[in-house]
Amino acid sequence: MSDAVSSSTISVDVAVVGAGPAGLAAAVAAAEAGARVAVVDAGAQPGGQFWRHARETVQPEAADDQPDGHGHHGWSTYLDLRARFDAAQRAGRITYLPGLQVWMAEPGFTLHTTPAVASSGTVPATVTASRLVLCPGGYDRQLPVPGWELPGVMAAGGIQAFIKANGVLPGKRFVIAGTGPFLLPVAAGIAEAGGKVLAVLESSAPSAWLPHLAAASGVPGKALEGAEYAALFARHRIPYRTRSIVTEVLGSGRAEGVRTAKVDAEGRVRPGTGRAYTDVDVVGFGWGFTPQMELPVSLGVDTRIDADGSLVGVVDERQQSSVPGLFLAGEVTGVGGATLAVLEGLAAGAAAARPDSTTPVKQPAAITRHRRFAQAMHQAHPVPAAWPDWLTPDTTVCRCEEVTAGEITEARDNLGARDARSLKSFTRAGMGWCQGRVCGFAAACLGAGPGEAPDAGSLAGSAKRPLAAPVAIGELAALD
Amino acid sequence: MNFGNGPRGSDVLVMGAGVIGAATAYFAAQQGLSVTVLDKGLPAGGTSSACEGNILVSDKELGPELELTRYSLGVWHNDLAEHKKLWEFESKGGIIVASRESSLASLNRVMAVQQGFGVDVEELDQAALREAEPHISREALGGASYREDCQVQPMLVAAHLVRLATEAGARFIADTPVTAFLRSGPGRSVSGRDGGRVTGVRTPRGDFPAGAVVNCTGTWAGELAALAGVEVPVLPRRGFVMVTEPLPPMVHHKVYAAEYIDNVGSSDAGLQASPVVEGTPSGTILIGSTRERVGFDRTVSTAALGLLARNATALFPFLERVKAIRHYHGFRPYCPDHLPVIGHDDRAPGLWHAAGHEGAGIGLSAGTGKLLAQALAGLTPDMDLTPFAPARFGESGAHTSAHREEATA
Amino acid sequence: MNPQPVTITFDGRPLTATAGQSVGAALASQGVTAWRSTRKGGKPRGLFCGIGVCFDCLVTVDGETNQRACLVEVCEGMEVEGS
């Protein structure tokens, strides 16, 4: 463990936020290029969400003994990065600050942090650095559906994280629904851990041509992954139903079943295709991912809408944003998965270590190939345009403030609230604990109106969170 | 919502759909005038969306502002009574707390004068203060209770008043910035620009002729006035507000420190803050508020956050362990003499102003709108608007240019 | 290797968990799916995002209110209360 936490202010050359695939890679690359690096991460140990694993203090072998740990893809990549990370830490080149969340990033750059868990005793640190690499990752994107606020309904990634970290299941009988390739490893993880997956419901119909796509994009590894999942689904008899959605989660006080239906290419429910699954105790939803954009947005980076409809940061070939000295890697430049995140992290870390170097970054071709593949995947797994039709007026959209779809459409139609920001003020959608992280995309879609996608302005308004994490007023009182 | 179909002309054209413009449009429509409201964005996109929604009597200086406040309070309670629920009107009551003997003495003096002017204020001794606010600091010596202080959700006020105005025949057009004024007839030259009567506005969507053009553009009012060749010295004064995690009710009134009143009237450019702490129906606690003259700088200030946090915990020590989940800032539009500009601008006939209400715009909006509508309809307003007349800034307002430079420096 | 069992209390009753587990995992794996009621509708809530983003799983841990059950790790004798 690092000994540098004794001081409350740490000055380094390069600060990295996040210790997932992109953050680990960036830290290692920057340190190996000679920079002094500090890594701030909310997790208690390195790996992020993708390489989340059991507590090393409890199960020390988890970190190194298992060659392909816990069904993790790219575990050998993790072990390699982790070894280099640990070595750089031992050499004093990396100061590792786990268990801390950045609540504010100031230009220039200064990171203010707060313990992710109040009772952990972790000491907050202030980190200053002339270069900053933001690798905050993302989380499952959600579309509301009647009953999704019932206990037992979880984010697909939340189920996966639960299994990876705890080695147990959050229930026995699962239905997984949404869109995107990520639903496959989630279902596979459940089955491997002994859970019953009653169905995986995919709103698109991409599976037939996916392997060809992977090969054509020049990332054959992805085709192999697809084949592995197909075999695994067959072995565990997991039905994979395309053009299918959950139309309602059933249950009183907790999820007990789901109603499903077939949809057309736009997501409109096809009459007469409804069926029900009973005796379900966990329903997992995932509609792609939402990059954690509050820190990049607060520092003023140029943004754009990616192929999946997400707000992402614009970067150059060295992963530098429109703000000099501020580099982005991983999902915040466009959702693309761990392999791409590592490549971007390596490029960003190396560039941040030597900001004036003109040496071309390594593997730009690989980054381009993976980005192209990610774009194709997004196009194959769109958020169905007709999803607002699935809602009833009393469907909860904002889980924190319990704002319904009816209240949101009324504010849109009668008060002229077309963007996430006005909707928030008029209805309180996005005003609660999570600050719109969960409902922001859906609310922005509803504000844009039927058939319209939210623009970058509306999503940036939603991602504007001047406090990037809750922070105790007593901690703020210490600022001068 | 109407987006510009039909004839473009109207009796009254309101620029700006914040609370002031919305109230003006609402009451003008009630007077039977045809009204068009233009906004460069959506309703309540400026200061109305970044404030606390105060309707306060407690912080007003004696004179025309207090008079307008009390008039406006009547409008909120009577003319707008049926709509109270739409904008979460809450008769919360304000309490001013003194933590030093000296501030307690000044508070008592202020109270005595206010009572003389009919303000409903009651002295609270230490025990009564504890009873009203059980979690107040042990250091608090006493206070004053203002039962008339209340609160609304300001964005809902603006949006619903615009909606109600349109239901009464007005038309609202979003995303329509004014780029120039239409002038006509023989007129004097003002500040080297084309003079003549203001007969409407020019926008990227075309021209909108109007019998009267009302400038309700808040912090942008000076800029708009300049387009008409007149100076109205409305300047921005930045304020930060912090919002806590939702909690069970802990703070029951709008609670300020006695020093708040001094800051409101102050012209000091530096960072100032007095604690204003209040619970809200949603469970969050609002912690305000700083006052800084830094132009339109949107940079988050750690100094401002630290000051707010220290002041708030001094008033309510339990807040130390409570988490802030967001903060926001806005720009109060203020005039150097701390009075709003309300009325016809004789320097540019046809142009009217209603702006510069500083931190009191929400509370004053209802009264401002009603009085202005009366004047626009050719009636004698219920209250004399002379103290707020734009003419007080002189022939061209040129003497105020120093303030403009200061504001943008 | 078998991780150490630890005992925590949930609303006063003892619950066996495993060292390294999150409070949320300890509760969910014992069949407790909800431990919070919403402010407005009084609706039950438990784990949702599982990674500290949604704040749906808030619990009181050793007197400290509004802690994310998905992030707090169990330890021997920990007192957990719903809210």
Side-chain angles (χ1 to χ4, degrees), chain A residues 101 103-108 110 112 114-115 118-119 126 294 298-300 400-403 410-428 430-437 447 457-458 461 464-480, chain B residues 1 3 17 39 41-45 48-50 86 153-156 158-160 162-163 166-167 172 174-175 240 242-246 281-285 287 298-314 316-329:
Chain A
Q101 279 186 293
W103 62 264
M104 184 168 108
E106 289 187 272
T110 303
H112 300 276
T114 186
S119 55
T126 304
E294 51 272 329
S298 75
L299 288 168
C400 299
E401 295 294 312
E402 301 175 89
V403 182
E410 197 194 321
R412 176 192 71 202
D413 296 341
N414 295 335
L415 301 179
R418 297 185 319 239
D419 61 0
R421 180 178 170 275
S422 329
L423 281 174
K424 182 163 120 181
S425 303
F426 293 156
T427 68
R428 298 193 61 79
M431 201 75 114
W433 264 111
C434 92
Q435 291 289 294
R437 286 173 173 89
S458 185
K464 205 168 179 183
R465 302 182 186 101
L467 291 179
V471 56
I473 290 167
E475 288 177 58
L476 294 176
L479 293 169
D480 45 29
Chain B
M1 211 158 269
F3 282 87
D39 195 281
L42 297 172
S48 305
S49 67
L86 290 177
Q153 209 280 31
M155 290 192 70
L156 288 175
H160 280 291
V162 168
R163 179 182 61 80
T166 59
E167 284 172 10
F172 170 66
D175 303 322
F240 275 95
M242 263 177 351
V243 186
T244 70
E245 61 185 288
S282 60
T284 56
I285 294 171
I287 298 171
R298 294 192 172 274
T299 316
V300 176
S301 151
T302 48
L305 296 179
L307 192 53
L308 282 179
R310 285 192 294 279
N311 282 342
T313 52
F316 286 101
F318 80 89
L319 286 171
E320 185 140 331
R321 295 176 72 80
V322 169
K323 289 191 167 68
I325 62 170
R326 66 188 182 97
H327 62 72
Y328 58 90
H329 63 270

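Labels below follow one simple rule: chain letters A, B, ... track the order of the sequence lines, proteins then strands, and each chain is numbered from 1. Since we're looking at a predicted model, the values are computed, not measured.
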Legend entry - Whether A:E475 side chain and B:K323 backbone form a donor-acceptor pair below 3.5 Å: no
Legend entry - B:R310 side-chain N/O to A:A477 backbone N/O, donor-acceptor pair under 3.5 Å: yes
Side-chain touch [X]/[Y], heavy atoms, less than 4.5 angstrom:
X      : Y      : result
A:P470 : B:E245 : no
B:I287 : A:I473 : yes
B:V300 : A:E106 : no
A:P466 : B:H329 : no
B:V162 : A:L415 : no
B:P246 : A:W433 : yes

Inset, instruction - Under 4.5 Å, counting heavy-atom pairs only, tell me which of B:H160, B:M242, B:R326 racks up the most with chain A. - result: B:R326
Legend entry - Among B:T313, B:V322, B:T284, residue most engaged with chain A (heavy-atom pairs, under 4.5 Å): B:V322
Closest contact, heavy atoms only, [X] versus [Y]:
X      : Y      : answer
B:A159 : A:F426 : CB-CZ, 3.5 Å
B:G45  : A:R421 : O-NH2, 3.6 Å
A:G432 : B:I325 : O-CD1, 3.7 Å
B:R163 : A:N414 : CD-O, 3.5 Å
B:L305 : A:W103 : CD1-CZ3, 4.1 Å
A:E401 : B:S282 : OE1-CB, 4.3 Å

Legend entry - Portion of B:T244 that has a non-hydrogen atom of chain A nearer than 4.5 angstrom: side chain
Legend entry - Per-residue contact mode, B:L42 against chain A (heavy atom under 4.5 angstrom): side chain
Legend entry - Side chain / backbone / both / neither for A:A118 at chain B, heavy atoms under 4.5 Å: side chain
Inset, instruction - Could you tell me which portion of A:M431 (side chain, backbone, both or neither) has an atom closer than 4.5 angstrom to a non-hydrogen atom of chain B? - result: both
Legend entry - Reported NE2-to-CE distance for the pair B:H327 and A:M104, which is rounded to 0.5 angstrom: 6.5 Å
